Peer 1: 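Below is the structure I would like to discuss, written out as structure tokens.
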Amino acid sequence: MAQLAQIIVDVPTMQTNQPYTYQVPPRLENQIQKGMRVIVPFGNGKRQVQGFVVGLDQPTKYDGQLKAISALMDLQPVINDELLKLSKWLADHTYAFWVSSIYTMLPNMLKAKTTRIVRIIDEVDEQTAFDIFHGKDELDFATVQSDPQIVSRLLKLQKQKKVRFEYVVADKAKPKTTVGIRPQLDFEELEEARTSLHSNAHAQERLLSYLQSIIGKTVKQTDAERVSGLKAATFNVGVQKGWLAKVPVEVYRTPHTQEKLPNDEHLSKPLELNDEQQVAVNKIDQAIDDSQSKVFLLEGVTGSGKTEVYLQSIARALKNHKTALMLVPEISLTTQIVNRVRRRFGSKVAVLHSGLSNGERFDEWRRIERGEAKVVVGARSAIFAPLKDLGIIILDEEHESSYKQDESPRYHAREIAKWRGKSNSAPVVLGSATPSLESRARAMKGVYQLLLLKHRINKRPLPPIQVVDMRPEIKERGESNFSRELLAKLTDRLVRNEQSMLLLNRRGFSSFMMCRDCGEVLKCPNCDISLTLHLDSHTMKCHYCGHEEPIPRYCPNCGSREIRYYGTGTEKVEQELNRLIPNARIIRMDVDTTRRKGMHEKLLRQFGQHQADILLGTQMIAKGLDFPNVTLVGVLNADTGLGLPDFRSSERTFDLLSQVSGRAGRADKKGEVIIQTYNPDHYAIRLAQKNNYEAFFKQEMALRRQASYPPYYFTIRIMASHEDESVAARTMTKIKQELVENLMPSTIILGPTPRAIARMKRRYYYQIVIKYKQDQRLHSTLQRILQETQSKGRADVQVSIDPDPQYFM
DNA sequence: CGCCAGATTACG
DNA sequence: GTAATCTGGCGA
């Protein structure tokens with residue numbers, strides 16, 4: 001009885017989203033393992049695809065003819081049992097394909113590239129041979145795929161059996177190698193060679209004694225040259241005489257962050273903890289020692305020393321011969337935090353972030369996978385790092401929405417962290433100055449354990465925050481992004497040779513209406529959510545319930561004509577600033593100026609070296625940056641975020657403002673913060689000004705409860721898109737009907753409504769939002785809806801489900 | 001009747 | 001995702 005293997009093939013569709021059974025040919029029987037990549041035939045033709053072994057020798061109900069695995073792509077599994085199990089769980093919970101889940105856990109290089117080649121197997125007419133094949137007997141199909149005429153000619157030739165389609169599955173995963181030196185003789189033989197040398201062959205003699213010192217080992221030639229002080233030519237003589245061989249040795253593509261760190265005694269050793277930190281560390285250490293998969297919420301204001309708590313907990317895990325995983329938002333993955341971890345734990349640290357090339361990422365991944373790296377610091381996807389025996393998982397800035405992936409599989413790193421914590425019996429630490437309402441609510445219920453750091457380490461008070469009301473400003477001075485207050489302070493800093501940071505809140509770019517006299521934002525009468533301007537239909541629409549009304553000319557609150565849609569760009573602000581303060585040197589940071597790799601770091605370095613007086617940027621400058629010479633932080637438009645049709649808009653505004661105020665006056669100089677707004681009385685702004693998270697939490701929770709939003713309800717978003725708007729709309733109406741028929745009455749179904757950007761990439765988008773507390777049949781109903789809408793190639797409607805959307809736009 | 005394009009189905 | 005198969009419409 002031949003051995004069987006269950007394979008997930010790399011064909012991401014609903015209908016192939018299940019293991020297929022293959023025979024294992026005898027030659028592969030003692031090599032194959034779960035978690036390896038394989039090449040298998042799939043389909044009627046000669047098609048070959050990559051797949052993953054997800055099971056061996058499981059019984060199959062399939063009684064057709066089984067095909068055999070063509071080849072193994074790996075000598076070792078690329079995905080271990082824990083992650084394989086997680087990939088299945090992830091696929092189920094995010095309504096994603098299993099194979100897509102597996103790929104998100106692996107470096108890109110492990111995704112094989114399949115190429116299709118068209119080969120001539122019989123005489124074809126000269127015209128074709130010349131036009132299409134250019135005189136050769138084969139052709140890469142990808143180069144002609146977009147030309148329907150050529151494609152149909154090729155298909156015709158295929159029917160006549162004059163050409164054949166062939167598949168090549170090419171592994172991209174290639175370790176980088178360099179030249180290595182390996183002795184080919186044993187000690188005595190080398191000694192013998194030495195005695196028979198010419199007496200003035202000093203270099204060769206030195207080479208022989210060097211080789212004697214590395215018997216049985218392979219050394220990189222560059223290292224060998226350095227250690228022995230010999231030249232490359234001498235090694236070549238050694239090869240000719242058969243003393244040594246040159247063999248390839250694998251080297252890691254070390255990311256540029258690996259440069260030598262200044263040796264800072266102070267930072268490489270654990271710092272002394274204050275009482276609150278000590279309590280937190282003790283509690284976490286206890287959980288590490290007892291292998292408890294508890295979740296801690298470490299809530300601490302800016303500068304309260306959360307990072308030191310993380311570092312000492314990591315040290316504890318390492319001491320217990322475990323590993324540690326620390327996630328930080330991509331944007332703050334700049335040198336500061338990473339360097340601190342590397343100073344403390346040295347070469348045990350691997351870093352994973354989006355700035356790595358595929359090769360570098362692959363190599364860091366292999367260092368982790370081989371157990372050479374024990375501590376991993378990285379952004380969202382690092383949560384899948386193949387560390388074994390995790391002792392602790394840390395999510396810094398746990399409230400950050402970048403921990404949620406907004407494409408399939410739509411996972412939240414926080415949920416994955418909890419899964420892996422359970423699976424490894426390891427504690428999870430969620431850290432933040434402004435925890436997400438979800439996490440904080442769980443801490444209040446005792447699901448998480450709350451650890452509070454109330455005091456700043458340096459005992460320095462947070463900088464004073466001044467809120468400037470922009471409404472009278474605009475009335476008296478006309479359109480401007482700068483209040484007199486802010487201008488005066490900026491000029492003052494220039495005189496004192498200190499630096500300033502200006503933040504332009506880009507979220508909610510120009511799509512909502514606000515009154516410049518009273519700050520009123522046009523809201524939906526049913527949902528209490530801002531209406532979105534749709535220029536195509538010249539109406540204001542609610543994304544949640546579909547309510548629609550004409551664009552107002554007068555403010556419905558105060559009757560003013562000064563009602564406008566709102567929004568501005570960094571470039572425009574920079575121009576205005578140049579005009580207002582001509583001698584200020586400005587660095588602008590936004591998507592445009594930081595698109596090129598390394599520009600982000602470069603601009604920050606320049607600012608750090610005081611090559612500019614003002615750093616002007618979007619959200620990206622708000623996080624984790626410490627510039628001792630910055631004494632003024634200005635937020636140009638605190639309330640744009642508030643206009644968004646999103647129940648989390650207040651929370652995000654509060655987070656952002658809190659974050660920003662921590663940026664001023666970090667060192668000895670006193671800092672201050674100015675917040676410009678049209679809504680000076682909004683609770684998110686008022687409470688951020690007072691640094692009062694507690695009050696914000698209470699007030700926001702009350703609103704969420706009243707409107708049935710998280711954390712009181714869970715949300716799910718269903719999206720459907722089609723080239724034809726009516727098809728998308730009709731599909732959604734049908735889905736809605738099915739939901740109403742199957743879900744519990746307590747479950748709230750909103751929509752379908754067109755999305756804010758109703759048409760994207762020539763497709764129309766509609767969405768339904770579901771709010772529920774618990775609903776037994778929800779998961780199976782959604783699963784069935786996906787099956788029905790995707791299986792029957794239903795006229796190209798694309799339906800996707802987000803189990804925990806962070807944005808509703 | 002045969003051919004073609006578009007829809008449908010199956011992939012182990 | 002791809003390719004073979006099915007279906008129905010239309011021209012010969």
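Treat the numbers as computed from the prediction; the structure is a model and nothing was measured. Note on naming: letters A, B, ... go to the chains in the order of the sequence lines (proteins, then strands), and numbering restarts at 1 for each one.
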Peer 1: Check DNA chain B against residues 94-109 of chain A and give the residues with a non-hydrogen atom under 4.0 Å, in numerical order.
Peer 2: none
Peer 1: Can A:E360 and A:R253 be counted as an ion pair, charged N to O under 4.0 angstrom?
Peer 2: no
Peer 1: Here's a test for you: under ring pair (Phe, Tyr, Trp, His ring centres under 6.0 Å), which of A:F42, A:Y62, A:F52 qualifies with A:Y20?
Peer 2: A:F42
Peer 1: What does A:Y22 touch in the nucleic acid at a heavy-atom separation under 4.0 angstrom: a base, only the sugar-phosphate, or nothing?
Peer 2: sugar-phosphate
Peer 1: Let me know the distance between CG of A:N17 and C1' of B:dA10, rounded to the nearest Å.
Peer 2: 15 Å
Peer 1: In whole angstrom, give the distance that lies between atom CD of A:Q18 and atom C1' of B:dG12.
Peer 2: 9 Å
Peer 1: Expressed in angstrom and rounded to an integer, what is the separation of A:L66 atom CG from B:dC11 atom C1'?
Peer 2: 13 Å
Peer 1: Check this for me: does any side-chain nitrogen of one of A:R784 and A:E741 sit under 4.0 Å from a carboxylate oxygen of the other?
Peer 2: no
Peer 1: Looking at CD1 of A:I716 and CZ of A:R410, how far apart are the two atoms once the value is rounded to the nearest 0.5 Å?
Peer 2: 12.0 Å
Peer 1: Looking at C:dA3, I'd like to know if its phosphate oxygens (OP1 or OP2) sit under 4.0 Å from a side-chain N or O belonging to A:R116.
Peer 2: yes
Peer 1: Whole-Å distance between B:dA10 P and A:Y62 OH?
Peer 2: 11 Å
Peer 1: Can you list, in residue-number order, the parts of residues 35-44 of chain A that come under 4.0 Å of DNA chain B, counting heavy atoms only?
Peer 2: A:F42, A:G43
Peer 1: Nearest whole Å is fine: how far is C:dG1 P from A:F141 CZ?
Peer 2: 14 Å
Peer 1: Identify whether a stacking contact exists between A:Y20 and B:dG12, where the ring centres must be under 5.5 Å apart and the planes under 30° apart.
Peer 2: no
Peer 1: Using modelled atom types only, decide if a donor and an acceptor are shared between the side chain of A:R717 and the backbone of A:P803 within a distance under 3.5 Å.
Peer 2: no
Peer 1: Has A:K111 got its NZ or CZ under 6.0 Å from the middle of the six-membered ring of A:Y103, at an angle within 45 degrees of the ring axis?
Peer 2: yes
Peer 1: Who pairs with A:F97 by side chain to side chain contact (heavy atoms under 4.5 Å, CB included), at least two apart in sequence or on another chain?
Peer 2: A:P12, A:M14, A:N17, A:V99, A:S100, A:Q790
Peer 1: For A:Q50 and C:dT2, what is the distance between atoms CD and P respectively, to the nearest whole Å?
Peer 2: 15 Å
Peer 1: Taking CG from A:D10 and P from C:dT2, how many angstroms apart are they, rounded to a whole number?
Peer 2: 11 Å
Peer 1: Give a yes or no on this: more than 12 heavy atoms of other residues, nucleotides or ligands lie within 6.0 Å of atom NZ of A:K174.
Peer 2: yes
Peer 1: Tell me yes or no: between the side chains of A:D775 and A:T747, is some donor less than 3.5 Å from an acceptor?
Peer 2: yes
Peer 1: Rounded to whole Å, how long is the line connecting atom CD1 of A:I7 with atom C1' of B:dG12?
Peer 2: 10 Å
Peer 1: Which part of the nucleic acid, if any, lies within contact of A:Q65, taking any heavy atom under 4.0 Å across all strands shown: a base, the sugar-phosphate backbone alone, or nothing?
Peer 2: sugar-phosphate
